[in-house]
Amino acid sequence: GTRIVYDRSFLLKCRESPLAQ
Amino acid sequence: PRKKPPPVKDGDHLLEYHYTLWFSRKSPGKQSSSSVSYNSQLKCIMTFASIEQFWLIYSHVARPHELSGHCDYHLFKDGIKPMWEDEANVKGGKWMIRLKKGLISRCWENLILAVLGEQFIVGNEICGAVASMRYQEDILSLWNRTASNNEVTSKIRETLKRVLNIPQNTIMEYKAHTDSIKDNSS
């Protein structure tokens, strides 16, 4: 099946999200 | 004991796998070569299922270079214990990268982001990653399920070189867990 793949810059961008604070 | 990941919030980005972050510290003076004492030193920090849960934990734990003494962070897929006896590891091995002091925090972050983001593209081969802080140097390890699969281990090596951003001349060594047990090195 399809894997959930994220590149480094997307993972770093999610760090700024309020959900990750 | 391992903990369940907290409920995923609306808007969270799910990861392909759930992961557990563990911490261990070697108590000074104690012999800790047996798996029984290693097991008792292992502390489960948290299991997580999304990118946002990962960052929440990551921002609350000390970064590797801030820790002193002989200690390890272990990031493993949920359900796999960070020890060779686990059935996922028993036929496996690890790439080991020895780092000069000062590089471990940046390299550890690069490594775990590549693991969480599924950058290795070797099916379900990746078991987990370890940051080992020692007195003279630090060591990064990436564990996979099948030490005998050369195609997989070389693919992992190529991805490691790409994502870690380490000096060109850094030595990378692959060790099957059965060999580490034989020479009592891990």
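Just so we're on the same page: letters track the sequence lines, and every chain starts at 1.
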Check this for me: B:K77, atom NZ, are more than 12 non-hydrogen atoms of other residues, nucleotides or ligands nearer than 6.0 Å? yes
Measuring heavy-atom distances to chain A, does B:L113 have an atom under 4.5 Å in its side chain, in its backbone, in both, or in neither? both
By a 4.5 Å heavy-atom criterion (distance strictly below it), what part of B:Q53 contacts chain A: side chain, backbone, both, or neither? neither
With a 4.5 Å cut-off on side-chain heavy-atom distances among I, L, V, M, F, W and Y, is there a chain of contacts connecting B:I104 to B:I139? no
Taking everything shown except B:E66 itself, do over 12 heavy atoms lie less than 6.0 Å from its CD? yes
Flag if over 12 foreign heavy atoms under 6.0 Å of CD, B:E158: yes
I'd like to know if the side chain of B:E118 reaches the main chain of A:I4, judged simply by a donor and an acceptor atom lying under 3.5 Å from each other, with no hydrogens or angles considered. no
In terms of heavy-atom contacts, B:Q119 and A:V5 come closest through NE2-CG1, 3.7 Å
Hey, is the main chain of A:E16 close enough, under 3.5 Å, to the side chain of B:W55 for a donor-acceptor pair? no
Would you say the side-chain atoms of A:R3 pair up with the backbone N or O of B:G123, donor to acceptor, closer than 3.5 Å? yes
Has B:K9 got more than 12 heavy atoms of other residues, nucleotides or ligands less than 6.0 Å from its NZ? no
Against chain A, label B:Y17 side chain, backbone, both or neither, depending on which of its atoms sit under 4.5 Å from a heavy atom there. side chain
Please determine whether the number of non-hydrogen atoms from other residues, nucleotides or ligands lying under 6.0 Å from atom CD of B:E137 exceeds 12. yes
In the single-linkage hydrophobic clustering (I, L, V, M, F, W, Y; side-chain heavy atoms under 4.5 Å), do B:F76 and B:L142 co-cluster? no
With a 4.5 Å heavy-atom cut-off, do B:N110 and A:R8 have their side chains touching? yes
Out of curiosity, does B:I57 fall in the hydrophobic cluster containing B:I80 (side-chain heavy atoms, cut-off under 4.5 Å, transitive links)? no
CG of B:L116 to SG of A:C14, rounded to nearest 0.5 Å, is 11.5 Å
Nearest non-hydrogen partners of B:L15 and A:Y6, listed with the distance: CD2-CE1, 4.1 Å
Given the options B:D10, B:L56, B:D12, B:I51, which has more heavy-atom pairs under 4.5 Å with chain A than any of the others? B:I51
For A:L12 and B:E109, work out which heavy atoms get closest and say how close. CD2-OE2, 3.8 Å
